[in-house]
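Indexing begins at 1, ligand by ligand and atom by atom, following the structure's order.
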Amino acid sequence: MKGKIVLLGTSSAMPTVDRNNSGIYMKYKGEGFLFDCGEGTQRQIMKAGLSIYRIDKIFISHLHTDHTLGLPGLLETLDMHDKPRVDIYSIHGLQKVLGCVLNGVIYAPDIDINIHEFKPQDEIFTIFENKEYTVQSIGLNHVVDCIGFSFEEKPKRKFIKEKIKELELTDKDFIQLKNEGRIIKNGQVITKEEITYEEKGFKFTYIPDTYKTDNIIKLAKGSDILVIEATYIDEEDKAKEYGHLTLEYILEIYPQLECKQIILTHFSRRYKDTKPYIQKIKEKGYQNILIGKDFMEVKF
Ligand SMILES: [Zn+2]
Ligand SMILES: [Zn+2]
């Protein structure tokens with residue numbers, strides 16, 4: 001197991017007794033990633049038995065309060081834990097909002113808060129990259145500027161076992177392959193490409209508040225895990241007015257998404273129980289769409 005995704009909040013707008021506001025924690029090889037940070041998120045992290053201290057990167061999709069109000073408190077806790085630095089990758093405008101809050105209360109943090117702000121774009125753009133993974137984003141179609149996020153491991157070259165056996169490669173051969181990209185075996189030139197294949201890395205996508213847009217498919221296509229907002233079931237008028245998705249639309253674009261696992265979140269308060277969602281998904285016969293619940297976790 002490389003990590004897990006934990007839903008911290010699955011309610012839209014206001015929290016309910018059973019559902020907190022938006023927040024997703026991703027644990028990946030000792031790193032903690034937080035996607036959105038609604039009110040109460042830090043307590044949800046504690047209740048889920050996850051580490052606040054491990055959070056190095058926070059991603060904020062848009063500035064609505066149900067996605068941001070937990071941030072000042074969380075930053076203060078990180079500061080009290082003597083965390084030296086945190087990076088926040090956010091829609092533009094967060095610096096100003098946080099500045100108002102942090103300067104308006106008596107609070108002088110030592111933690112180095114690095115805010116990287118982005119404007120929505122219609123094509124996929126990279127917001128973070130290192131040797132192991134990339135985090136990409138795209139503009140969505142909400143009532144305010146909003147971006148989605150996609151975390152993807154870089155592909156790895158793996159040896160084709162049968163070929164290795166057939167060629168009886170020695171340790172020396174492997175070193176030469178690594179250094180030169182080719183070897184000569186039994187008078188034949190063998191390249192690395194011939195005896196390896198590219199293994200796709202793990203991909204997680206988060207589609208927060210948005211109305212219909214093709215950009216959802218652009219970003220989410222081929223994800224291992226997709227967490228996507230499904231505020232309404234089929235109330236098209238409301239979805240259009242408030243900039244949200246319906247389950248109906250998600251089912252419509254389902255074949256193009258090509259995702260292994262889809263988890264719905266950000267439910268309207270009107271649905272005290274999610275049976276109508278389950279019913280509609282069942283009618284379509286799709287097995288890999290789950291109804292998100294607070295503290296639901298998916299390992300990968
Ligand atoms: Zn929201
Ligand atoms: Zn919103």
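The closest approach of Asp66 to the Zn ion (ligand 1), by N/O/S atoms, is made by OD2. Closest approach between the Zn ion (ligand 2) and any N/O/S atom of His64 involves ND1.
In this structure, OD2 of Asp209 and NE2 of His142 enclose an angle of 100° at the Zn ion (ligand 2), rounded to 10°.
Using a cut-off of 2.8 Å, one finds that His62 contributes no N/O/S atom close to the Zn ion (ligand 1). Distance check for Cys146 against the Zn ion (ligand 2): none of its N/O/S atoms falls below 2.8 Å.
When each of Asp294, Leu34, Asn21 is checked for a side chain to side chain contact (heavy atoms under 4.5 Å, CB included) with Leu8, only Leu34 meets the rule.
Glu198 and Lys200 are not joined by a salt bridge, as no carboxylate oxygen comes within less than 4.0 angstrom of a charged side-chain nitrogen. Under the 4.0 Å criterion applied to side-chain N and carboxylate O atoms, Glu199 and Arg157 are not assigned as salt-bridge partners.
In this structure, the ring of His92 has its center no less than 6.0 angstrom from the ring center of His116.
Put simply, Phe149 and Ile228 are part of two different groups of oily side chains (I, L, V, M, F, W, Y) that touch within less than 4.5 Å, one to the next.
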